[in-house]
Amino acid sequence: MEYITLTKGDPEFESYLLGTFDSKSRALPVETFEGKNSGERVTFRIVPLDKLNVPPWWKVYFLSIRPELAGLTLGPAAAAWLNHSGAALSQWTRWPSWLALLGIFFLFAAACLYNDYQDHMQGGDRRNRQRGSQVIQKGWVTAIQMRRWAVLNAALALVFGVPAFFNAPLALSLICLGAAVAIFIISQKWGLRAGLVDLSLMLLFGPLLTCGIALASYSDFNSGDIFLGVAFGLLTVWVFHLRQLEFLFRARPESFRTFLGFLPFEKVRLVLVMESALVVMAQLAAAVWLRLPFLFFPLSLFISLPLWICVQRIWQAGSPLSSSLMGISWRALIAHLGWTVWWLASLGVVNWNSM
């Protein structure tokens, strides 16, 4: 078995990271070291491609797009689609609406694929094997192939989004421009310490998404779509924060995409507890604005239980390595799923019972 250690200044360094050094072998990173003066140094294990037992491409693709996170985009999109009744139903353009949902899926997939590529090249997924899909690190796909997949999925998102675009060209142009700016800020990590990336995440997974789906489906959006988007956007940022909590002191702050990495743990706990209360209040405030039946408000006590269990575990944690934080990423996703089901059920009963 062959090993090779390269530093960032070596001419072949990037080709080994990208996987372009040899078409019949893969360079698996086994150790990444970054010193203050020496720069990045990576030790690769060279493995012949036929020795890797690479799964079928569709399975690698499925794992790469992080299916457990799909609800963060498809949930708000479906809720915005349901958030219209009466005369709006007669304006529903069915095919553009379905195609817009497919476009959102492919855009989400493109973001996940490019995120894996970027984190591999920057070292985050190489230093911490619990981050990302790890398909590049296992040699199932090269980084350059992952980047090509990202471009292809972005192109598919654009193709499927075109029919919906003609429903409201001007308004959707502004939505797309806002989404592009948000994605650029997130990818470049502008204003990371100040929370600008967090705000961009909230807008991207919130009002930009819900208003965009409303425009694609009904050629218009209302104040309810904005409130619904804010509620979902805050909930999604909360999920990202909790997923970061498990790796808070295992990587450099700059490798994260939220401001929490720059705070001491005691402040992180306080921020997350306060944020949890804000998330619940945002869901209830949006429900009041949308005039949901009183029946669904008592149900919210049950729905918010996974969220408050997360809060309890956070408050009990004495450090980021505390056993009470184990599995908190999945608990956060369960909490998001619970609120998504609550929103879909309530909006479905209120607005679509006349279909």
Side-chain angles (χ1 to χ4, degrees), residues 65-86 88-89 91-112 156-157 160-161 163-165 167-168 172 175-176 179 201-240 279 282-284 286-287 289-293 296 299-300 303-304 306 332-355:
I65 63 173
R66 313 299 297 278
E68 71 274 12
L69 301 180
L72 301 184
T73 53
L74 298 181
W81 178 57
L82 289 170
N83 184 38
H84 291 263
S85 62
L89 293 180
Q91 304 292 326
W92 179 28
T93 52
R94 286 168 170 76
W95 278 110
S97 178
W98 296 121
L99 292 175
L101 285 174
L102 277 174
I104 287 174
F105 168 78
F106 283 116
L107 183 61
F108 165 77
C112 290
L156 288 172
F160 283 111
F165 181 80
N167 279 346
L172 277 173
I175 292 289
C176 292
L201 285 169
M202 192 279 289
L203 293 173
L204 188 63
F205 287 89
L208 291 173
L209 177 57
T210 54
C211 293
I213 281 292
L215 287 165
S217 301
Y218 307 104
S219 304
D220 196 10
F221 69 92
N222 55 40
S223 59
D225 296 315
I226 299 175
F227 274 85
L228 186 64
V230 171
F232 267 107
L234 291 173
L235 180 60
T236 300
V237 171
W238 177 81
V239 171
F240 280 125
V279 164
Q283 311 307 308
L284 297 179
W289 184 265
L290 293 171
R291 299 180 180 178
L292 298 188
F296 290 97
L299 286 176
S300 67
I303 292 299
S304 60
L333 289 173
I334 291 171
H336 189 283
L337 176 62
W339 278 109
T340 299
V341 171
W342 183 83
W343 274 112
L344 296 182
S346 58
L347 292 171
V349 167
V350 171
N351 293 333
W352 281 61
N353 56 6
S354 60
M355 284 192 65

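For reference, positions follow the sequence shown, starting with 1. Computed from a predicted structure; not experimentally measured.
- Looking only at side-chain heavy atoms (C-beta outward), Leu333 and Leu337 stay at 4.5 Å or farther from each other.
- A donor-acceptor distance shorter than 3.5 angstrom exists from the side chain of Thr73 to the backbone of Ala70, with no hydrogens or angles considered.
- For the atom pair CG of Leu82 and CG of Leu344, the computed distance is 6.0 Å after rounding to the nearest 0.5 Å.
- The two atoms that bring Phe221 and Cys211 nearest to each other are CD1-SG, 3.6 Å, heavy atoms only.
- With contacts defined as side-chain heavy-atom distances shorter than 4.5 Å, the pair Ile213/Leu101 qualifies.
- Below 30°, between 30° and 60°, or above 60°: for Phe227 and Trp289 the angle between ring planes is below 30°, a parallel geometry.
- Counting all heavy atoms, side chain and backbone alike, Ala168 lies closest to Ser219 at CB-O, 4.2 Å.
- Contact of the Thr340 side chain with the Phe232 side chain is registered, since non-hydrogen atoms from C-beta on lie closer than 4.5 Å.
- Between Leu234 and Val279, the shortest heavy-atom distance links the atoms O-CG2, 3.7 Å.
- In this structure, Ile226 and Pro207 approach most closely via the heavy-atom pair O-CG, 4.3 Å.
- When the options Trp339, Trp342, Trp343 are evaluated for a side chain to side chain donor-acceptor pair (under 3.5 Å) with Gln283, the one that passes is Trp343.
- Looking at Leu72 and Phe240, their side chains come closer than 4.5 Å, going by heavy atoms from C-beta outward.
- The two residues Ser346 and Leu292 come nearest to each other via the heavy atoms OG-CD1, 3.5 Å.
- Taking all atoms of both residues into account, the shortest heavy-atom contact from Gly224 to Asn83 is C-ND2, 3.5 Å.
- Taking CG of Leu69 as the start and CZ of Phe205 as the end, the distance is 8.0 Å to the nearest 0.5 Å.
- The backbone N or O of Asp225 lies less than 3.5 Å from a partner atom in the side chain of Thr210, making a donor-acceptor pair.
- Within the 4.5 Å cutoff, side-chain heavy atoms of Leu347 are placed close to those of Leu228.
- The list of salt bridge (charged side-chain N to carboxylate O under 4.0 Å, His left out) pairs with a residue in residues 67-78, not counting sequence neighbours, reads Arg66-Glu68.
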